[in-house]
Amino acid sequence: MRSTKLRLAAWYGAGLVAVMLPIAVAILLAEYKSLEHQRERASSIATEILSHAHKVTDQLQVVFKELSAAPTGDPCSERNLNLMRKLVIQSNLLIDVGYIENEHMVCSSFGRNGYAIGPPSYVSTGGYNMWTQVEHPLLAGSHLLITSDPKTGFFALIHEGTVLDVAPDDGKLSYGVLAVGRKKELFQKGLFDQAWLKTIGKAYETSFFDGSRVVAWKRSDRFDYAAYVAIPGSEIDDDWKRVLWFMLPIAIGTAIVLAFVVTQLVRLQGAIPAALRYALKHKELFLVYQPVVDLRSGTWVGVEALLRWQKSSGEFVSPDIFIPVAERYHLIEQVTEQVIALVEADAAELLRAYPDFHVALNLSAQDFCNPAISERLRAAAAKMRVHPRCLHVEATERVFLHAEQTRKAVETLRMQGHSVSIDDFGTGYSSLSYLTELELDCLKIDKCFVGTIGQQAVTSHVIAHIIEMAKSLGLQMIAEGIETQEQADYLRAHGVQFGQGWLYAKPMGMAQLAQELARQRQPEAG
Ligand SMILES: Nc1nc2c(ncn2[C@@H]2O[C@H](COP(=O)(O)O[C@H]3[C@@H](O)[C@H](n4cnc5c(=O)[nH]c(N)nc54)O[C@@H]3COP(=O)(O)O)[C@@H](O)[C@H]2O)c(=O)[nH]1
């Protein structure tokens, strides 16, 4: 009851996850997409700003070159003033060109004006005097940059808009150009957080989210400055909501599909136990028998009884599906009872005719916890009028989960004369210590290990260890799933006594088994 509730809770949990997951993924994806979009946007604006800064610097260098080539003498001579005017007209990016002496603008393309500009804001790493955020008397409210060559005294005046106007001026973004070596602003709109420099390090190009802004940084490979752009988080939020509106219908659609799938699975899970109860009642289960072969002589020494389920619709359900369901829904006792009853009905005559032959029954871990199981098998042998040694028992490794109860059951079964094998060895719960604690007769080597024989698989060596271990414990061995002659030869050469597999015979009905056995044993009978 408790496990049913737990299972239901697990399914509801799975349903909830199925619904929530696509929505959560959509939200995360929208956030990621908008962050990426803003990163790309910031990087592209920074690239534009840097490109304009390069153009300005290139024109500046031309101007300084021409002015320094002018004849020496009065730097503000009429001839030089004319040259300055010509240079300003030729340049589309520089506002003014002139001459500075003792922190005074002595003359420029505007003529001999002469006003104080004070000491430079800083000296660039290239040795130029820089005045930032200068207000020109003729251009009220202007933010200008003056660069002067201290060797000649000539200067050029640049308006910040020349470089920064490429960025959208919506009042939300911060951007500018920073002199990297001196960590000084050349042009600036909004803030520049010096803490960003820690994240940027020596990078020439990077973008990141500092927790509240997306920052892009693009450093010049020709000059000692870099352009930066910072987009506030509010922009990401707007973008995120837009992307989310687009993705939400897809996420909701996916959630509906997943919820439907989970509902169907729940229904199916519930449907199999009900169908199995019906199958048990209406005799839809039957047995097939797969021969166990003596690997040296090739004779059939016994069979494994394998359960089959064919619904009235004709559809087959694999035991790999219905046995775990039977175990989970506490139907396995009824299944095992039906298997024993089927063996009683199918095999009594055959076992009486060949008393050295055996039928092996698969018991589940829960059967070993049933104190009545040994008595039930004793009664079956008695009813069939065969020796209990004709009925072998196979236990899956899961019996080790109930080691104490299993130990007692195995002891009683062996005392009654049944042979007990451990099935699927090495695939699950087995531990060597358990194997030594249980008094067993035989170890069945799982087909997954047999399949590695002759292969270059990582697990190829495991089978040799299993064989050695079984030998050291004095257990007989049956190798399962033998499909090739190479596998059979290997197993025989390594001392494995018995085998089962499609190389010898597939599981068959009792009629066919009786016929085959009669043919094999003919000389004996005759
Ligand atoms: N508790 C019970 N469990 C049972 C019973 N009947 C079957 N089972 C278990 O179901 C599992 C699947 O069994 P099945 O589909 O019958 O497969 C068996 C063989 O048909 C298959 N086999 C045999 N030879 C080969 C081969 O050469 N190649 C290949 N690919 N498959 C082969 O292997 C299965 C053998 O199973 P086992 O020996 O038991 O490991 C299986 O776990 C059964 O145990 C039942 O009545 N009760």
Side-chain angles (χ1 to χ4, degrees), residues 272 276 279-280 284-293 295 300 302-310 316-347 358-370 373 376-377 380 391-399 401 406 409 420-430 442-453 455 466 477-488 490-491 496 498-510 513:
I272 294 180
L276 189 55
L280 283 161
E284 288 182 353
L285 303 174
F286 64 98
L287 287 172
V288 288
Y289 300 88
Q290 185 175 36
V292 176
V293 178
L295 290 178
W300 294 5
V303 282
E304 180 183 2
L306 294 163
L307 196 55
R308 296 289 177 263
W309 175 10
Q310 188 177 20
F316 277 93
V317 185
S318 161
D320 276 328
I321 292 177
F322 72 80
I323 294 290
V325 171
E327 286 173 345
R328 212 178 308 140
Y329 286 85
H330 306 293
L331 293 169
I332 197 69
E333 264 188 37
Q334 291 177 57
V335 169
T336 302
E337 170 49 40
Q338 204 149 101
V339 168
I340 297 171
L342 284 166
V343 169
E344 283 172 349
D346 283 355
H358 74 261
V359 175
L361 289 86
N362 283 287
L363 294 193
S364 145
Q366 288 163 34
D367 293 321
F368 281 86
C369 299
N370 173 5
I373 192 69
R376 178 67 188 92
L377 283 169
L391 298 181
H392 287 201
V393 169
E394 292 189 12
T396 63
E397 280 190 333
R398 283 191 299 278
V399 295
L401 290 173
T406 303
V420 182
S421 316
I422 190 77
D423 201 0
D424 306 328
F425 184 79
T427 57
Y429 302 85
S430 51
C442 180
L443 184 148
K444 291 194 81 174
I445 303 169
D446 193 78
K447 56 181 173 289
C448 71
F449 300 115
V450 172
T452 64
I453 295 170
Q455 308 285 312
I466 294 177
M477 288 167 272
I478 302 177
E480 292 180 313
I482 304 174
E483 292 182 357
T484 66
Q485 194 55 50
E486 187 188 2
Q487 291 166 351
Y490 174 97
L491 291 160
V496 177
F498 304 105
Q500 232 177 298
W502 297 344
L503 178 67
Y504 302 105
K506 288 198 170 179
M508 59 189 79
M510 181 49 76
L513 173 68

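This one's a predicted model, so the numbers in the text were calculated from it and none came from an experiment. All ligand and atom numbering here is 1-based and tracks the order in the structure.
The structure places CG of Leu391 at 9.0 Å from CD of Glu344, a figure rounded to the nearest 0.5 Å.
Applying the side chain to side chain donor-acceptor pair (under 3.5 Å) test to Gln485 and every residue at least two apart in sequence or in another chain returns Asp489. Shown here are the side chain to side chain donor-acceptor pair (under 3.5 Å) partners of Glu284, two or more places apart in sequence or in another chain: Trp309. When the side chain to side chain donor-acceptor pair (under 3.5 Å) test is applied to Asn362, the partners found at least two apart in sequence or on another chain are Glu304.
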*Ile373 and Ile340: side chain to side chain contact (heavy atoms under 4.5 Å, CB included), yes or no, with the steps?*
CA-CA 10 Å; Ile373 192 69; Ile340 297 171; 4.2 Å; yes

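The closest side-chain heavy-atom distance from Gln290 to Trp502 is below 4.5 Å.
For a heavy-atom separation below 4.0 Å, the residues in contact with ligand 1 are Gln290, Glu304, Leu306, Leu307, Arg308, Pro319, Asp320, Ile323, Val339, Asn362, Asp423, Asp424, Lys444, Lys447, Glu480, Gly481, Ile482, Glu483, Gly501, Trp502, Pro507.
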